[in-house]
Amino acid sequence: MSDHYSDRDVQREVTELEQQSATATRLFDIRTIIGGLFVVYGVIVTLAGLTASDAELAKAQGVNINLWTGLGMLALGIFFLLWLWLRPLAPPVPSSDEERSL
């Protein structure tokens, strides 16, 4: 096997690495993590609010705080996920120094 790479092989590998970098950027975007956690916790707290007993409501002076907090958390989590979907991150653009070194 030859150690010589053609320009086409190098360009193909660079393109593959750029695609992997863009995928990793989208995967580890902080909006994904925050939105996902708020949606999960929002569902849990909303379910706790829907199943609240009269004693729990009496502790909160008649306000179903779990229900309202859960709905707020769901709204915030959905906002973050919609923001991610509507305005995705652009893939990183190499600086001029990196282009010259290639």
Side-chain angles (χ1 to χ4, degrees):
M1 185 191 270
S2 173
D3 288 338
H4 182 267
Y5 288 101
S6 69
D7 288 338
R8 182 182 295 175
D9 292 337
V10 171
Q11 185 61 32
R12 181 180 48 80
E13 287 185 30
V14 167
T15 304
E16 288 175 5
L17 288 173
E18 286 175 348
Q19 289 173 346
Q20 290 174 355
S21 175
T23 301
T25 299
R26 283 190 304 273
L27 182 64
F28 294 110
D29 186 0
I30 192 72
R31 296 175 292 180
T32 305
I33 297 166
I34 292 172
L37 284 174
F38 268 100
V39 167
V40 169
Y41 290 140
V43 167
I44 293 169
V45 174
T46 301
L47 289 175
L50 291 173
T51 60
S53 67
D54 291 334
E56 291 171 343
L57 291 176
K59 283 184 196 178
Q61 297 178 350
V63 177
N64 195 344
I65 194 71
N66 284 338
L67 179 63
W68 290 108
T69 303
L71 291 175
M73 292 172 78
L74 275 172
L76 184 63
I78 290 170
F79 167 75
F80 271 95
L81 295 176
L82 280 174
W83 180 22
L84 175 69
W85 184 62
L86 294 173
R87 305 275 315 237
L89 288 178
V93 178
S95 66
S96 59
D97 293 338
E98 292 175 358
E99 289 174 357
R100 281 188 237 144
S101 66
L102 294 176

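When a residue number appears, it is its place in the shown sequence, counting from 1.
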Any residue meeting side-chain contact (heavy atoms from CB on, under 4.5 Å) with Ser53, in chain and number order, not counting sequence neighbours: Ala55, Glu56
Asn64 to Gly49 - nearest heavy-atom pair and separation: ND2-O, 2.8 Å
Within one Ile-Leu-Val-Met-Phe-Trp-Tyr cluster: Leu71 and Leu37, side-chain cutoff 4.5 Å: no
Inter-residue atom distance Asn66.CG - Leu57.CG, 0.5 Å rounding: 9.0 Å
Gly70 versus Val45, closest heavy-atom pair with distance: N-CG1, 3.6 Å
For Phe38, all residues meeting ring pair (Phe, Tyr, Trp, His ring centres under 6.0 Å), sequence neighbours excluded: none
ILVMFWY network linking Leu81 to Leu86, side-chain heavy atoms under 4.5 angstrom: yes
Leu67 and Thr46, any side-chain heavy atoms less than 4.5 Å apart: yes
Value rounded to 0.5 Å, distance of CD1 in Ile65 from CH2 in Trp68: 10.0 Å
Could you pull out every donor-acceptor pair under 3.5 Å between side chains of residues 72-79 and any protein atom, sequence neighbours left out?
none

Same apolar cluster: Val40 and Ile33, side chain cutoff 4.5 Å: yes
Single-linkage hydrophobic cluster Trp83~Ile34, side-chain heavy atoms < 4.5 angstrom: yes
